[in-house]
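Below is one structure, written out as structure tokens; comments come after it.
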Amino acid sequence: MIKVSPSILSADFVNLERDIRALAPAGADYVHIDVMDGEFVPNITIGIPVIAAIRKITWLPLDVHLMIDRPIRYVDDFCKAGADILTIHLEADTPENTRRALEKIRANGVKAALSIKPKTPAEAVVPYLPLCSLILVMTVEPGFGGQSFMEDMMPKVRAIRGWIEKDSLDCELEVDGGVNETTARICTAAGADVLVAGSAYFKAPDKAAFVRAVKKTM
Ligand code: DX5
Ligand code: ZN
């Protein structure tokens, strides 16, 4: 079953409550929230108080994507704010701190997840797989919505799908960046089962039809 996680980076922030309340009726499975610190990526977006506010208006799981340096400093705060899935970047700290941050997330009863940027090889996630409920393969350079899909990331998706299946891991495989009705098909064929869509979802005139179309790409 394919899941769709609309990225609210492309929502209308003046009408954020309206846009978030419309997600569940449109068939969305998660709410993807992009947190950027102006250091790990050259952009600054949403922080902890906004996530706590969003938590109050939706029962959908909050899929929080931290694009911040040394996320171990803040993972407890994001868990308390209401994240259901908390993703950190492998490139954002040392291997030891990455492992500790994932363990901290799990100790909060939150699903721990790890993301890799386009230049990071798939093999880099292997030591962390047993700690992760989700792996996120970036299909654009993180930082901004509306960029073009990088199809050359699909071998990484296929490799990680293979490792998940081999060990029967309870781990979802998400892609993020440039996903639309056409590229969704490429992602699911490669083995992704959670699709983040920002601009394509929010630009769609009929959001329920968009979600249905993307889920039918298997
Ligand atoms: C980019 C973010 C994405 C972004 C996706 O750094 O992680 O979640 O919002 O936007 P689209 O779907 O427009 O590429
Ligand atoms: Zn994201």
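Computed over heavy atoms, backbone and side chain alike; hydrogens, waters and symmetry mates excluded. Order of listing sets the numbers, starting from 1, for every ligand and every atom in it. Each residue takes its place number in the sequence, starting with 1.
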- [ ] Would you check the N or O atoms of A197, main chain and side chain alike, for any that come under 3.5 Å of an N or O of ligand 1?
- [x] no
Task: K215 (side chain) donor-acceptor with G27 (main chain) under 3.5 angstrom - done: yes
Open item on the list: Please list, in number order, the atoms of ligand 1 under 4.0 Å from a heavy atom of M138.
Closed with: 7 (O)
TODO: List every atom of ligand 1 that sits less than 4.0 Å from any heavy atom of M36, numbering the atoms from 1 in the order shown and giving each element.
DONE: 6 (O)
Open item on the list: Using a 3.5 Å distance criterion without hydrogens, assess whether the side chain of K156 forms a donor-acceptor pair with backbone atoms of T120.
Closed with: yes
Open item on the list: Among all the protein's non-hydrogen atoms, which is closest to atom 9 (O) of ligand 1, and how far away is it?
Closed with: S7 OG, 2.8 Å
Open item on the list: Just to confirm my numbers, could you give the angle made at the Zn ion (ligand 2) by OD2 of D176 and NE2 of H32, rounded to 10°?
Closed with: 100°
Task: For the Zn ion (ligand 2): the N/O/S atom of H65 at shortest distance - done: ND1
Open item on the list: Show me which atoms of ligand 1 lie under 4.0 Å from any heavy atom of H65.
Closed with: 7 (O)
Task: Heavy-atom donor-acceptor pair, T183 side chain to G178 backbone, under 3.5 Å - done: yes
Open item on the list: What I want to find out is whether R73 reaches D37 closely enough, with some N-O distance under 4.0 Å, to be called a salt bridge.
Closed with: no
Task: atom 14 (O) of ligand 1: nearest protein contact (heavy atom, Å) - done: G178 N, 2.8 Å
Open item on the list: Taking K119 first and then E141, would you say they form a salt bridge - that is, a charged N and a carboxylate O separated by under 4.0 Å?
Closed with: yes
Task: D12, CG atom: more than 12 neighbouring heavy atoms under 6.0 Å - done: yes
- [ ] Answer yes or no: is there a donor N or O on one side and an acceptor on the other, between the side chain of R106 and the main chain of L131, under 3.5 Å?
- [x] yes
TODO: Could you check which of L195, D176, V196 puts a non-hydrogen atom nearest to atom 3 (C) of ligand 1?
DONE: D176
- [ ] Enumerate the atoms of ligand 1 whose separation from the nearest heavy atom of G177 is less than 4.0 angstrom.
- [x] 14 (O)
Open item on the list: So if I count the atoms of ligand 1 from 1 in the order they appear, which ones are less than 4.0 Å from some heavy atom of L9?
Closed with: 9 (O)
Task: Of the listed options G145, S10, P142, S5, closest to atom 10 (O) of ligand 1 (non-hydrogen atoms) - done: G145
Open item on the list: With heavy-atom distances below 4.0 Å as the criterion, list the atoms of ligand 1 near M67.
Closed with: 6 (O), 7 (O)
TODO: Please name the pair of heavy atoms, one in V196 and one in V179, separated by the smallest distance, quoted to 0.1 Å.
DONE: O-CB, 3.2 Å
TODO: Would you indicate whether K111, at its atom NZ, is surrounded by more than 12 heavy atoms from other residues, nucleotides or ligands within a distance under 6.0 Å?
DONE: no
- [ ] Take H32 and D34 through the test side-chain hydrogen bond (donor to acceptor under 3.5 Å, both in side chains) and record every step on the way to the result.
- [x] CA-CA 7 Å; H32 188 83; D34 290 302; 2.9 Å; yes
Open item on the list: Under a 3.5 Å distance rule, please check whether T87 uses its side chain to pair with a backbone N or O of A113 as donor and acceptor.
Closed with: no
TODO: Identify, for atom 2 (C) of ligand 1, the protein heavy atom at the shortest distance, and state residue, atom and that distance.
DONE: D34 OD1, 3.4 Å
Open item on the list: For Y74, is the OH atom crowded, meaning more than 12 foreign heavy atoms sit under 6.0 Å from it?
Closed with: no
- [ ] Decide whether the shortest distance between a heavy atom of F144 and an atom of ligand 1 is less than 4.0 Å.
- [x] yes
TODO: Please report which non-hydrogen protein atom sits nearest to atom 12 (O) of ligand 1, along with the residue it belongs to and the distance in Å to one decimal place.
DONE: G198 N, 2.7 Å
- [ ] Heavy-atom distances under 4.0 Å are what count here, so tell me which part of S199 touches ligand 1: side chain, backbone, both or neither.
- [x] both
TODO: Please identify which atoms of ligand 1 are closer than 4.0 Å to at least one heavy atom of H32.
DONE: 8 (O)
Task: Atom of D34 nearest the Zn ion (ligand 2) (restricted to N/O/S, atom name only) - done: OD1
- [ ] Among all protein heavy atoms, pick the one closest to atom 6 (O) of ligand 1 and tell me residue, atom and distance.
- [x] G143 N, 2.7 Å
